[in-house]
Amino acid sequence: MSDVTAADLVRAARQEISPAPPPNRFLDLLEAGRVPRERLTALAGEQYRIVASDRRSFAMLASRFPEPPAGPVFLMLAGGEGEALRLLADFADALGWGEKELRGHRPHPLAQTYPAYLAWSALNGTRSGVGLAMLVNFGEWGGYCARAAEALRARYELTEEAVAFFRYFAELPPGFAEQATEMIAAGLAAGDDPEESLHAARMMHAYELAFWAALAEGLD
């Protein structure tokens with residue numbers, strides 16, 4: 001992929017990775033009201049670990065790539081994870097869980113591959129690779145969160161306050177797509193390998209799917 005532009009890379013990643021939403025068994029069951037309440041608390045516990053880890057990862061990326069556009073974008077994302085933790089507490093509270101229970105949850109290994117890869121990327125990844133992976137994945141993650149919010153309201157009668165965590169992630173941060181594309185372009189201009197960046201997006205996509213598959217494990 002010589003002389004590839006950021007727009008080319010984003011287009012290639014979207015065509016390959018997310019041309020259509022893949023099956024998501026956990027959300028299918030959630031929409032049918034067939035996910036038991038204890039699995040909902042597991043969702044809260046897994047996200048508690050993920051969001052806290054991602055906040056540190058984005059802060060690390062901001063320190064590695066402090067110049068615009070990367071630095072401000074990563075700082076914005078780190079701040080967003082802090083807000084997400086606050087909203088997640090409301091979801092957990094609606095399920096009867098507090099800080100003690102969230103901290104005490106023992107995560108499923110495969111549900112934590114996504115934050116583990118982001119943490120690895122914070123130390124070893126490139127600007128264009130992380131930017132592309134985030135840009136492509138955020139849209140898919142947002143769609144899943146929108147489905148979760150609606151299902152939790154309709155099938156489990158949770159309040160809007162309780163599902164605000166999922167509403168929060170259902171939309172991309174304002175201007176993120178443009179900023180991420182600029183970040184990808186800056187990385188490519190600095191010598192980032194476009195094939196490596198595309199592979200990072202593939203990896204992030206696979207780990208996103210692994211998260212939902214882990215939540216669905218053992219459910220009928």
Side-chain angles (χ1 to χ4, degrees), residues 9-31 35 39-40 42-58 61 73-74 77-78 80-81 84-85 87-88 91 105 107-126 128-152 163 165-173 176-177 180 183-184 196-219:
L9 202 55
V10 172
R11 189 179 308 110
R14 284 177 168 159
Q15 288 175 348
E16 176 184 342
I17 296 167
S18 55
N24 189 314
R25 186 163 171 268
F26 179 82
L27 288 177
D28 289 344
L29 293 171
L30 191 71
E31 289 168 338
V35 175
R39 198 57 64 94
L40 296 181
L43 170 59
E46 297 292 347
Q47 281 299 321
Y48 180 77
R49 300 276 182 145
I50 290 170
V51 174
S53 176
D54 287 355
R55 181 169 61 171
R56 291 188 290 270
S57 294
F58 288 132
L61 283 161
V73 171
F74 289 132
L77 292 175
E81 298 297 322
L85 277 175
L87 297 173
L88 181 62
F91 174 56
H105 174 73
H108 189 302
L110 295 181
Q112 297 296 315
T113 54
Y114 179 100
Y117 182 67
L118 183 59
W120 180 92
S121 299
L123 293 173
N124 301 286
T126 65
S128 58
V130 176
L132 184 66
M134 291 293 99
L135 180 56
V136 174
N137 181 75
F138 274 10
E140 187 175 348
W141 162 243
Y144 291 148
C145 284
R147 289 179 62 187
E150 291 301 322
L152 290 166
V163 304
F165 171 84
F166 301 98
R167 299 284 194 209
Y168 180 73
F169 281 119
E171 300 291 339
L172 285 174
F176 176 75
M183 186 195 314
I184 296 165
E196 182 180 333
S197 298
L198 188 57
H199 184 64
R202 293 188 192 107
M203 296 281 279
M204 194 68 80
H205 172 71
Y207 293 139
E208 170 72 24
L209 297 182
F211 167 75
W212 295 105
L215 287 176
E217 193 174 280
L219 293 178

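Residues that satisfy the side-chain contact (heavy atoms from CB on, under 4.5 Å) test with Glu171, not counting sequence neighbours, are absent from this structure. Ser197 meets the side chain to side chain donor-acceptor pair (under 3.5 Å) test with Ser128; sequence neighbours excluded. Residues passing the side chain to side chain donor-acceptor pair (under 3.5 Å) test with Arg55, sequence neighbours excluded: none. Contacts of Phe74 classified as ring pair (Phe, Tyr, Trp, His ring centres under 6.0 Å), with partners at least two apart in sequence or in another chain: none. Looking at residues two or more places apart in sequence or on another chain, you find a salt bridge (charged side-chain N to carboxylate O under 4.0 Å, His left out) between Arg167 and Glu150, Glu160. Residues forming a salt bridge (charged side-chain N to carboxylate O under 4.0 Å, His left out) with Glu16 (at least two apart in sequence, or on another chain): Arg202. Looking at residues two or more places apart in sequence or on another chain, you find no ring pair (Phe, Tyr, Trp, His ring centres under 6.0 Å) involving Phe211. Residues forming a salt bridge (charged side-chain N to carboxylate O under 4.0 Å, His left out) with Arg56 (at least two apart in sequence, or on another chain): none. For the salt bridge (charged side-chain N to carboxylate O under 4.0 Å, His left out) test, no residue two or more places apart in sequence or in another chain qualifies with Arg49. Qualifying side chain to side chain donor-acceptor pair (under 3.5 Å) partners for Glu46, counting only residues two or more places apart in sequence or in other chains: His105, Gln112.
Sparse packing is recorded around NE2 of His199, with 12 or fewer heavy atoms of other residues, nucleotides or ligands lying under 6.0 Å away.
Applying the side-chain hydrogen bond (donor to acceptor under 3.5 Å, both in side chains) test to pairs two or more places apart or on separate chains, none has a residue in residues 116-125.
When all heavy atoms of Trp212 and Asn24 are compared, the pair lying nearest together is CG-ND2, 3.2 Å. Shortest non-hydrogen contact noted between Phe166 and Leu152 is CE1-CD1, 3.5 Å.
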For residues 129-143, which side-chain donor-acceptor pairs fall under 3.5 Å, sequence neighbours excluded?
residue: Asn137; atom: ND2; partner: Tyr114; partner atom: OH; Å: 3.1
residue: Glu140; atom: OE1; partner: His205; partner atom: ND1; Å: 2.8
residue: Glu140; atom: OE2; partner: Tyr144; partner atom: OH; Å: 2.9

